[in-house]
Amino acid sequence: MSMDEYVLIFRHEDGQKVASPEQMQIWMKQTMDWIGGIAAQNKFVSGTGLPFDGAKVVGHNGVVTNGPFGDIKETIGGLITVRAESVDEAVEFAKGCPVLQGEGNTVEVRKVAKNDGTH
Amino acid sequence: MHNQDIIPHLFRTEFRKIVAVLCKAFGIENVNMAEDIASETFLSALETWPYKGIPENPQAWLYTVAKNKAKNLLARNSLFADKIQHGVKISVPENDEIEIDLSPQNITDSQLQMLFAVCHPLLSTEAQIALALRILCGFGIDEIANAFLSNKETINKRLFRAKEKLRTANIKLEFPPESEVSQRLQPVLTTLYLLFNEGYYSESKDTILRNDMCLEAMRLTRMLIDNKQTSIPQVNALLALMCFHSSRFKARKGANGEIILYQDQDETLWNTELIANGIFYLNRASVGNTISRYHLEAGIAYWHTMKEDTEEKWENILQLFNQLLMISYSPVAALNRTYALAKVRGNEIAIIEAEKLNLTNNRFYFTLLGELYTPIDKNKAKQNLLRALAICTTQPDRQTIQQKIDKL
């Protein structure tokens with residue numbers, strides 16, 4: 001069975017929402033358990049959080065704005081890459097992502113392009 | 001990746017430490033900024049730790065990040081202030097090497113001073129408790145709203161006004177002068193007492209939250225005891241009281257959240273370690289010549305830790321209630337005194353005394369009368385319990401009263 005890599009991208013509806021310290025710790029624990037569960041199946045490739053502060057958006061003609069806040073509220077909070085046998089398996093992984101507890105938040109599942117001509 | 005687990009409540013614990021230290025450095029008028037920096041620090045952890053692993057020393061990691069965030073913010077603010085001559089008023093030292101001291105000593109000092117500032121008599125008691133929960137205990141707005149059975153908007157407004165007052169009244173983070181410590185401690189103790197009661201008697205269904213509030217009140221009280229200047233007998237008496245009460249935490253609520261009355265509690269669920277601690281602090285409180293309401297209430301709570309009904313026990317409880325009512329009247333104390341009286345002198349005498357109290361808008365008044373009449377006059381017992389039922393607002397307590405009526 002061939003494995004493909006998929007990127008799971010966490011989109012937050014409102015990245016500026018402040019949660020309580022206790023809540024943040026709970027999310028952290030859940031995130032670690034979620035990633036740990038994927039890693040235990042040897043299907044975790046890599047991942048990172050994307051801090052909101054200092055973020056910039058470069059636009060057409062090189063216009064730089066502080067962002068992504070302002071025009072759009074939705075922001076990307078982080079991403080992980082997993083190995084999966086099918087997009088459905090990757091979707092199952094995504095369903096467990098604690099980010100989805102926030103109303104309006106989504107996890108986008110995208111296949112990573114392979115450089116072997118198969119796509 | 002390190003496999004170690006994060007300490008439970010680490011973020012909450014570190015929130016209050018970081019906020020206290022930052023307020024000490026920048027003034028309590030910048031408490032919102034301090035809270036933001038602390039929250040952003042945890043956000044950074046949330047964005048890093050799950051992927052890179054928990055750092056060797058999570059606390060030190062958080063402090064470094066908080067310090068950097070504070071310094072960056074200051075740099076930005078001073079730029080802003082230079083340009084517009086206005087902005088957050090923070091005095092930045094000339095060499096812009098601002099020292100944020102996160103040593104254990106400064107953390108403790110800052111928290112103690114914060115305790116005095118938050119419990120400033122200028123603030124309403126409600127505001128003091130909300131501020132204490134937020135700044136001194138690190139509770140979120142949701143959690144505070146839940147504990148007060150209120151909503152986020154109300155709590156936010158309350159906190160906003162309280163912080164405005166701290167700012168406009170120019171309240172400083174400092175230790176009161178030695179001559180004023182005892183006097184300034186009074187509102188602090190009242191707030192800690194109420195904070196504890198809020199957790200103990202709250203009708204909120206969230207047992208963990210209620211328990212946490214009690215533990216926080218005890219932690220803050222112990223902080224005062226650990227400091228030589230503030231460890232006066234009253235503070236020790238208050239902690240003793242909290243220990244005795246919380247020893248019954250597990251036993252006093254049933255599976256459906258209904259209150260289990262003292263005489264019906266399973267005493268094997270009482271926490272003996274807390275009882276022992278209570279006795280320890282009550283002994284430490286028994287020096288000097290001031291008897292406070294906390295001494296008396298701790299004494300009453302002490303006798304309640306003995307399950308067996310003896311004449312000595314109830315006689316002592318009665319006398320302590322008599323004294324307590326003289327210095328600090330409350331309907332609850334009056335009703336409890338009458339219960340003790342019944343135990344010592346019998347129900348007939350207690351009924352006469354009870355009916356003099358005339359607390360006709362208090363459901364406990366009618367429950368007490370119902371109890372006292374039960375062995376004497378079933379009709380009157382039922383009448384009273386029905387009146388209690390009519391003014392009782394919570395479902396679990398209605399059940400308890402209904403059961404009493406059914407048993408008659």
Side-chain angles (χ1 to χ4, degrees), chain A residues 7-12 14-40 42 44-56 66 68-69 75-82 93-94 96-103 105 107, chain B residues 1-19 32 35-54 58 62 65 68-69 72-73 76 133-135 137-147 152 155-156 206 208-209 212 216:
Chain A
V7 185
L8 314 187
I9 304 160
F10 320 149
R11 294 189 185 275
H12 296 254
D14 185 355
Q16 283 176 308
K17 242 182 218 164
V18 185
S20 73
E22 191 73 359
Q23 184 60 59
M24 283 202 246
Q25 182 159 349
I26 291 167
W27 283 337
M28 165 118 87
K29 175 105 179 64
Q30 291 172 339
T31 308
M32 292 192 294
D33 289 346
W34 176 59
I35 293 177
I38 298 171
N42 195 20
F44 177 78
V45 180
S46 65
T48 184
L50 298 168
F52 296 123
D53 43 279
K56 304 279 180 196
N66 286 332
F69 316 117
T75 52
I76 297 174
L79 46 90
I80 68 167
T81 307
V82 297
F93 286 146
C97 179
V99 165
L100 292 176
Q101 287 168 27
E103 214 181 309
N105 293 353
V107 176
Chain B
M1 203 186 268
H2 290 280
N3 286 326
Q4 79 203 82
D5 230 343
I6 327 168
I7 308 159
H9 311 306
L10 175 75
F11 284 7
R12 191 197 281 167
T13 313
E14 294 311 322
F15 178 90
R16 57 179 179 243
K17 292 183 186 171
I18 293 170
V19 168
N32 283 334
E35 287 178 59
D36 287 347
I37 291 174
S39 289
E40 281 175 28
T41 302
F42 304 133
L43 199 56
S44 295
L46 193 56
E47 285 158 352
T48 318
W49 297 4
Y51 311 101
K52 309 264 174 355
I54 301 168
L62 293 173
V65 172
N68 286 335
K69 284 193 186 290
N72 289 343
L73 194 78
R76 240 181 296 152
L133 280 172
R134 176 70 185 146
I135 303 179
C137 309
F139 279 46
I141 309 295
D142 286 350
E143 293 154 358
I144 301 174
N146 183 348
K152 273 169 78 172
I155 300 300
N156 266 325
D206 193 335
I208 297 170
L209 181 69
D212 279 355
E216 282 298 315

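Just the heavy atoms: all of them, side chains too, but no hydrogens, waters or symmetry mates, feed the values below. Lettering of chains follows the sequences in order, A, B, ..., and the numbering in each one begins at 1. If you're wondering where the values come from, they're calculated on a predicted model, not measured in any experiment.
Neither the backbone nor the side chain of B/Thr48 comes within less than 4.5 Å of any heavy atom of chain A. Neither the backbone nor the side chain of B/Leu209 comes within contact range of chain A, judged by heavy atoms closer than 4.5 Å. Only the side chain of B/Phe15 comes within less than 4.5 Å of a heavy atom in chain A; its backbone stays farther off. Residue B/Ala45 touches chain A through both its backbone and its side chain, counting heavy-atom pairs closer than 4.5 Å.
Here the options are A/Met24, A/Glu22, A/Gln25, A/Gln23, the test is side-chain contact (heavy atoms from CB on, under 4.5 Å), and the partner is B/Arg12; only A/Glu22 passes.
A/Asp33 pairs by the side-chain hydrogen bond (donor to acceptor under 3.5 Å, both in side chains) definition with A/Lys29, not counting sequence neighbours. B/Thr13 is linked by a side-chain hydrogen bond (donor to acceptor under 3.5 Å, both in side chains) to nothing, counting only residues two or more places apart in sequence or in another chain.
From B/Phe11, atom CZ reaches atom CD1 of A/Ile26 across 11.0 Å, with rounding to the nearest 0.5 Å. Interatomic distance, B/Lys52 NZ to A/Thr48 OG1, rounded to the nearest 0.5 Å: 4.0 Å.
Taking both residues in full, the closest heavy atoms of A/Leu79 and B/Tyr51 are given as O-CE2, 4.3 Å, listed atom of the first, atom of the second, then distance. The heavy-atom pair separating A/Thr31 from B/Pro50 by the smallest distance is CG2-CB, 3.6 Å.
Side-chain atoms of B/Ile54 and A/Met32, non-hydrogen and from C-beta on, do get closer than 4.5 Å to each other.
Among A/Gly77, A/Gly36, A/Gly49, the residue with the largest count of heavy-atom pairs under 4.5 Å with chain B is A/Gly49. If you tally non-hydrogen atom pairs under 4.5 Å between each of A/Gly47, A/Gly78, A/Ser46, A/Pro21 and chain B, the highest count goes to A/Pro21.
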